[in-house]
Structures are given as structure tokens and as C-alpha cells.
Chemist: 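I'd like to ask some things about the structure below.
Hydrogens, waters and symmetry mates are skipped; everything else that's a heavy atom, side chains included, is used. First the proteins, then the strands, lettered A, B, ... as listed; each starts at 1.
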There are 2 protein chains.
Amino acid sequence: MDEFAALCGISRPTISKYFNDPNSVRPSTRGRIEAALKEYDYRPNIYAMNQNRRLTKNIGIVVPYLADPFFAEIARVIERRCIDAGFTPTLFSSHGEPGQEIEILDTLRLLRPAGVLLAPLGRASDRKHIEAFCRDVPTILFDSNIEGVGAAFVGSDNFSFVSQTVEYLSRTGSAPCFFEMRDPANPNANKRRHAYLEMMRRLNLEPHLIKIDGTGWGFEEIGRTGALKVLKQDLLPTDTVLCSNDRLAIGVLSACHELGIRVGREEGCTIRIASHDDHPYSRFTCPSLTTAAHDYEAVSDHAVETLFRLIEAGGRLETREETLFAARLIMRASA
Amino acid sequence: MDEFAALCGISRPTISKYFNDPNSVRPSTRGRIEAALKEYDYRPNIYAMNQNRRLTKNIGIVVPYLADPFFAEIARVIERRCIDAGFTPTLFSSHGEPGQEIEILDTLRLLRPAGVLLAPLGRASDRKHIEAFCRDVPTILFDSNIEGVGAAFVGSDNFSFVSQTVEYLSRTGSAPCFFEMRDPANPNANKRRHAYLEMMRRLNLEPHLIKIDGTGWGFEEIGRTGALKVLKQDLLPTDTVLCSNDRLAIGVLSACHELGIRVGREEGCTIRIASHDDHPYSRFTCPSLTTAAHDYEAVSDHAVETLFRLIEAGGRLETREETLFAARLIMRASA
DNA sequence: ATATATTTTTGACGCGCGTAAATAAAAGGC
DNA sequence: GCCTTTTATTTACGCGCGTCAAAAATATAT
């Protein structure tokens, strides 16, 4: 920066000022700087800038598992929003490991981020550690909530998801059973089960929970194995299956195909399958998957906007906001 | 660090030395530091460390499109390897945009990475810019090659992929036509087309290329739309389709299902579909997808190991190495 | 105990930048 | 042209650490 300042014949502090806000210097000065900029392609070192700045332009984005296209997609949208707003996002994935999540938060502190958008692992998360982090760094939780932690939570309204699918399925055919992992790591899964039970109660229908075994993030395989077992033993209490999430449903569809069971609402189909999330691939499954869609855009936008508000407010909001977006039922071929 | 040094009653340079290599200090000193470490959970600021270090422990990982599970998966494996080797990887996605790729490389310089693992966008990449980057930063290209750029390239042998699928398909049924995008962004796609043509020549079979329109990274949708058009107009020259990659194939499968065309090698199926990549979802498609698998592990491991060698060698290798790993044919239900 | 080798400490400088206060220069108004 | 306001410069310090050279302390060998 010293060299560059010399090259444009302007003092370094003025250059520094320019990079913090191009409009804070006189137009003539700005012109000279920008002319020199074209010639000598200099750019300030953002990591050195962050060392002394009162407030950096860094934003941390943390997702639990990036190899899940759902998170990959939401991360992509959020990243873009941050860049467009003049921030420098850095993306981290916990890769499903609580240890990694802790490590990431510890590293993130050193970046001195203006704010963080955190989608926690869920039940596996170290609550105390995340709490401590949120006390020091302005943080918005998204996707999965941890009660009372972070300045705000932005996510989807699980009841809205399940109520729509249950209502639709039971209106157009037999009432659904609920297909889920026995021990789901994600708190949304529990909320969805409760929503299912509540909806069935309201509709005066008998609920059936099918809990399958399996751990980790390989949901498709877990769903497939679980479905094979259930289907082979003919344990399905109804011909309509509502899966907790699309990735499980993808596995169930695969199992059905393997067993020659035709899925859908067409003539000749013996089972209907629906699910939740509107996973990027759910429109390409065979048959395409009837599901309840997240309002990706709304969740991303609102999470980012809330973070910006939080940053501008100096890192504190008056009350902890919880914003939930309703789902949109997507009727496709599977149910 | 000053404070922490005072707390353990040891000088700051010694602490600094400890963090660079715990074994470089006397065991008794090390013991005292580690005891204090437990008590006062201090950790050095990696971004400040990187400012003066001769060689940082940073590694940059750049992929073209993280919402593609193929890259998400490979990034996950590579990240893990780097962490295990004591490095600090930072992951970036170009999100399919050449501008982003340039931006990422420019930002990456500032991190002063010891090395970079770069999977370029391909044809859309700004070759000059990447070349300039590689001159300054030790870089290994992976997945898609840019001739002569970077210290080495690690990828898969496209001929091995296509030769195996073509051989298998033509041996077990009618010879395949080749289904691809008209204007693929990825150089591997071109290599695969050439491999297809060459294999058909060797087997003395007539080649058929089916080129479909579409741009961007939404390959499934492109494949689906293209296949719908081709199938509806009955333009398929043979009952066996070899897709350039699995994501296109997922779209083709979806189109077939939509049109009631049964896919597979079983009785009653009218079309066979095979593909390349062994995408994480290809085992869950309906029917499951016959494909040629990347040796993910080998590519990841070798890329990382080559980078470590490059770093230890001071950033230069004697000659530019190109390592290609053979594919493994995965026979599933679709062909 | 002495000499030698090893480790640690001290002190000082640098990385690339932000920031604050005092001073100097330029712009605008009359 | 002079005065006031705005903007730019100078100077100096700080961030959290690496690194180097010289001096001091400690360990090892004899």
C-alpha cells in the first residue's frame, strides 16, 4: 500500500480511507486512485485489514454437511447475497462432525467476522460451546434452531410442511404413515414427527410411525435399507408413506423400484410416497417426488438481512427473533 | 500471546516456536506450555501468523461448483486429508462463474497459501489469469486439466471410463449412442466424446452423437429436456444410450419415466442407459445407474500427496506431472 | 568442575494494514 | 483577496504474530 500510495502520489492513510469507502475522499483524489488502480492492479490485503479494523467485512457461513445438495444450494445463495452486499463470506462445513463444528467456530473467531450465519449440526452440537461463541460474535442461526442461542433464528415452519402433506395425502387417498430415522440428529426431524402426530389427531386418524435404524449423514442409504426391510416384511400399515425428508424418500423410492413396487397415484401403482424439503433432486426422481418445499429464497434472504440488521445494530437485537417460513406443497407424480 | 507467555513464565518467541513445532522446544518447557494451555485456552491467531511466516500452513481448495455433490464429496475428502496433515484448508466454490474464479484466486493470494488444489471451471476459465496465479502460488490442478498450467494435474482417465462402458454395452447388447451437451463447459466432456468415437472405430461400430442444447450447471434439467425432445421425436438411433456424465443421465432417466419407457436390462425394458462418474446419487436412481466410477480416493489422495511434495520441494517440481486414474465399471440395473 | 553444545531469553524489527491527532493544503463563500 | 470549511497529509502507534542475532541460561560430556 505504501508503494501504491507513492505511485499515485497520495498518502497511504488516504488510500486506506479510499478502500474503506471510496466516497469518503474527494472526487479528484478518487479519480487519481482509480486511474492508478487500473495501471498497477494493486489490491489491499484483506486479512491484514481485518487485524485492526473496528468492524471487518467478513461473514462466516457454517453448514453441517456440504455434501448434502440442500446445504450446498442454500450456502451458494447466501454466499452470493453477502458478496453483493460488499462482504467477504467464508464457507465452512462441519462435515457432520461435532469436533469439526467446534474447530470451525474457534477458527472463525480469529477472522473477527462482522457476523456469522450458522446452521448447527443439531443434537450433536456442543450447546455450551456454541452459546459461548454467540456471546462474542453476532450470530444468526438458520435451518436448525437451538433454543435461546444466537441473536435470531431463521428457518422453515415444520408444522406448515407436515400439515400440508398430511392434509393432502389423507384427502386424496389413505392416510399416511410417517417414515423416519429412529434417532434423528436434526431437531427439525423431531418437530416434523410431532407435527405429524398432531395433524393426525386433528383429522381424527390413527398415526403410524415407522422408525428405521441408521446413523450418520448417508440418508439415502439409510432410507433404502430401512424401506427394504419394512417392505419385505410387509410391515407397512398403509399404502401411503410420508417421509421425514427427501433424502430418505430417495432411498425409499430406490427400494421400491428394486422390489418392483410401482410408486405414484397413477393406475397400477400400489404405494404413494411423499416427503419434505424439495431437495434439488426431488424433481428428477422416478417418479418425481411430491414434497413440501422450503422457501429457499425467503430463508436465505431473511437470514442475510437479519444478519445485516444485527451488524448495523452493533451486534445486539432487542429480542431474539424467530422467523419461520411456510412450506409450499409441490405435487408431483409420487403421491 | 504476550499475555499467555507471561502466564506461563516463558518468553513469547519460545511460545511462538512451540506453536510452529512443539518438538522444537525442550520437553520441560513444552510441558509447562501445555499445562498452561489447558488452563487458559489460548490459541494463536492463524491469520496473523500467516502474515510473516516464510511458509504458511494454509491450503486453498477451489472447485467449480459446490452444489454438485460430486465436487462436494471430493472437496470433503480433500479437506479431511489436509487437516490430518496439519494444514488449514479453506474451501472456495466458483459457483460456475468465471468472474468468481478470478476473484477467488485473487483473494487466495492474500492468504499466502503454501499450496492450492484447483479444479478449474474448464473452458470458461480465464487461462491467462490462472497461469499467472500458478506462477506465483504452488498449484495442483485436479478434475479438469488446462494444458501446461500448474505444477501437476491429477484426474481421471477419460478414455478408461468410456472404453469400459462402450465395450461392456456393445458386448451385452446393441452399441450405444453418445448423449451429451452440444457445448460442454468441461474439457472432460470433449475427451469423453473423442474416446467414444475412437472406441466405436476400434470395434468397427457406427458412432452416433446426440447433442442437446442447454447451458449452465443444471445438468439434470438439461438432460431431461433434451431427452424428452429426442424421445418424443423418436430420434434415438439405438436402444442403448451412453451419457457423458451421470447428472445428464439422471435427467434422461427422469424423462424416460415420465414417458413410461422402462429402462434397464430386464425383461420388458426397451432402453438401456449408462453413464460416467459414479455420482453419489447414481446408486439410488430408478433403476440404479450403470456407470464408470472415478477412483475418488486415489484422485484425492494423489492430488493431496502431490501438493505436499510440491510444497516440500519449495514450490517447483522438475517436470509437470499428469496422473490419470483408471475408472471402475459399476454394473447396476440401468444397463 | 570445566568445556562444549543446546536451548531459551532479550530486544528489535517487520508484515500490511487501521486509526487517531495535529498540521497543511485546497475548496468555497463573500 | 481574505476567511472559513472541508479534505488531505504527516506522524506515530497498534494489531498479533514471525524471525533474527546476540546474550544468557541450561544441559551434556568429559
Side-chain angles (χ1 to χ4, degrees), chain A residues 1-37 40-58 86-88 106-114 136-137, chain B residues 1-37 40-58 86-88 106-114 136-137:
Chain A
M1 193 181 256
D2 248 333
E3 284 180 42
F4 178 71
L7 283 169
C8 15
I10 294 177
S11 74
R12 192 181 61 74
T14 305
I15 304 286
S16 167
K17 207 176 166 199
Y18 166 83
F19 279 110
N20 278 308
D21 177 7
N23 290 314
S24 68
V25 302
R26 204 185 300 152
S28 65
T29 319
R30 183 174 163 181
R32 281 162 65 197
I33 295 176
E34 282 168 356
L37 221 44
Y40 309 100
D41 75 319
Y42 160 82
R43 67 182 286 172
N45 185 320
I46 193 161
Y47 299 98
M49 289 170 68
N50 291 341
Q51 209 145 190
N52 317 341
R53 248 184 178 161
R54 302 193 164 295
L55 197 60
T56 72
K57 283 287 194 176
N58 289 334
F87 287 88
T88 307
D106 287 347
T107 305
L108 214 36
R109 282 174 187 270
L110 307 178
L111 252 187
R112 309 198 327 120
D136 299 340
V137 184
Chain B
M1 192 182 257
D2 248 334
E3 283 180 43
F4 178 71
L7 283 169
C8 14
I10 294 179
S11 75
R12 193 182 62 74
T14 305
I15 305 284
S16 166
K17 207 177 167 200
Y18 166 83
F19 279 110
N20 278 308
D21 178 9
N23 289 314
S24 69
V25 302
R26 207 185 298 151
S28 64
T29 318
R30 182 174 163 180
R32 282 163 62 197
I33 295 176
E34 281 167 357
L37 221 43
Y40 309 100
D41 77 319
Y42 159 82
R43 69 182 286 171
N45 185 321
I46 193 162
Y47 300 98
M49 289 171 69
N50 291 340
Q51 207 145 187
N52 319 339
R53 248 183 178 162
R54 303 192 164 295
L55 197 59
T56 72
K57 284 287 194 177
N58 289 335
F87 287 89
T88 307
D106 287 346
T107 305
L108 213 37
R109 282 172 186 271
L110 307 178
L111 253 186
R112 306 198 331 117
D136 299 340
V137 183

Chemist: Expressed as a whole number of angstroms, how long is the span from A:I46:CD1 to C:dG18:P?
Modeler: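 That distance rounds to 10 Å.
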
Chemist: CG/B:L55 to NZ/B:K57 distance, rounded to the nearest 0.5 angstrom?
Modeler: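 Spacing of CG (B:L55) from NZ (B:K57) equals 8.0 Å.
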
Chemist: Contact class for A:N20 (heavy atom, under 4.0 Å): base, sugar-phosphate, or nothing?
Modeler: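 A:N20: backbone/sugar contact only, no base atoms under 4.0 Å.
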
Chemist: How many Å lie between CZ on A:R112 and C1' on C:dG18, as a whole number?
Modeler: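 Result: 10 Å.
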
Chemist: For residues 23-32 of chain B, which residue pairs pass the salt bridge (Lys or Arg N to Asp or Glu O under 4.0 Å) check, not counting sequence neighbours?
Modeler: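 Only B:R30-B:E34 qualify under salt bridge (Lys or Arg N to Asp or Glu O under 4.0 Å).
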
Chemist: Whole Å only: how far is the NZ atom of B:K57 from the C1' atom of D:dG18?
Modeler: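 Interatomic distance, NZ of B:K57 to C1' of D:dG18: 15 Å.
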
Chemist: Taking atom C1' of C:dT19 as reference, at what distance in whole Å does atom CE of A:M49 sit?
Modeler: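 After rounding, the gap between these two atoms is 13 Å.
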
Chemist: B:D21 has an atom CG; how far is it from atom C1' of C:dT7, in whole Å?
Modeler: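 Roughly 14 Å, once rounded to whole Å.
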
Chemist: Which nucleotide wins on minimum distance to the side chain of B:P44, given the candidates D:dG16, C:dT19, D:dC17?
Modeler: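 From the listed options, D:dC17 comes nearest.
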
Chemist: Mind calculating the distance between CD (B:Q51) and C1' (C:dC15) to the nearest angstrom?
Modeler: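 Going from CD in B:Q51 over to C1' in C:dC15 covers 5 Å.
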
Chemist: Is the shortest side-chain N/O distance from A:Y42 to OP1 or OP2 of C:dC17 below 4.0 Å?
Modeler: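 Answer yes for this pair, as a side-chain N or O of A:Y42 is under 4.0 Å from OP1 or OP2.
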
Chemist: Among all residues two or more places apart in sequence or in another chain, which pass the side-chain hydrogen bond (donor to acceptor under 3.5 Å, both in side chains) test with B:N20?
Modeler: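 Applying side-chain hydrogen bond (donor to acceptor under 3.5 Å, both in side chains) to B:N20 gives B:R53.
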
Chemist: Select one nucleotide: of D:dG16, C:dC17, C:dT19, the one nearest the side-chain heavy atoms of A:R53.
Modeler: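 The closest nucleotide is C:dT19.
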
Chemist: Between atom CD1 in B:I33 and atom P in C:dT7, what is the gap in whole Å?
Modeler: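 Value for this atom pair: 14 Å.
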
Chemist: Looking at CG of A:L37 and CG of A:L7, how far apart are the two atoms once the value is rounded to the nearest 0.5 Å?
Modeler: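 The CG atom of A:L37 sits 11.0 Å away from the CG atom of A:L7.
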
Chemist: Going by the rule side-chain hydrogen bond (donor to acceptor under 3.5 Å, both in side chains), which residues pair with B:S11 if we only count those two or more places apart in sequence or in a different chain?
Modeler: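 By the side-chain hydrogen bond (donor to acceptor under 3.5 Å, both in side chains) rule, B:S11 matches B:T14.
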
Chemist: With a 4.0 Å cut-off on heavy atoms, is B:D2 in touch with a base, just the backbone sugar-phosphate, or nothing at all?
Modeler: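 Answer is nothing: B:D2 stays at 4.0 Å or more from every strand.
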
Chemist: Show me, pair by pair, the donor-acceptor contacts under 3.5 angstrom made by side chains of residues 42-50 of chain A, not counting sequence neighbours?
Modeler:
from: A:R43; atom 1: NH2; to: B:E103; atom 2: OE2; distance (Å): 3.2
from: A:N45; atom 1: OD1; to: A:Y47; atom 2: N; distance (Å): 2.8
from: A:N45; atom 1: OD1; to: A:A48; atom 2: N; distance (Å): 3.1
from: A:N50; atom 1: ND2; to: A:I46; atom 2: O; distance (Å): 3.1
from: A:N50; atom 1: ND2; to: A:N58; atom 2: OD1; distance (Å): 3.4

Chemist: Identify, with sequence neighbours excluded, every residue that meets salt bridge (charged side-chain N to carboxylate O under 4.0 Å, His left out) alongside A:D21.
Modeler: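 Residues passing salt bridge (charged side-chain N to carboxylate O under 4.0 Å, His left out) with A:D21: none at all.
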
Chemist: Taking only side-chain nitrogens and oxygens of A:S16, does any of them come within less than 4.0 Å of OP1 or OP2 of C:dC17?
Modeler: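 Indeed not, no polar side-chain atom of A:S16 lies that close.
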
Chemist: In whole angstrom, what separates A:M1's CE from D:dC15's P?
Modeler: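 To the nearest whole Å, that distance equals 19 Å.
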
Chemist: What is the per-nucleotide protein-contact pattern of nucleotides 4-11 of chain D, from the 5' end, where B denotes a base atom under 4.0 Å from a protein heavy atom, S denotes such proximity for sugar-phosphate atoms only, and - denotes neither?
Modeler: ---SSBBB

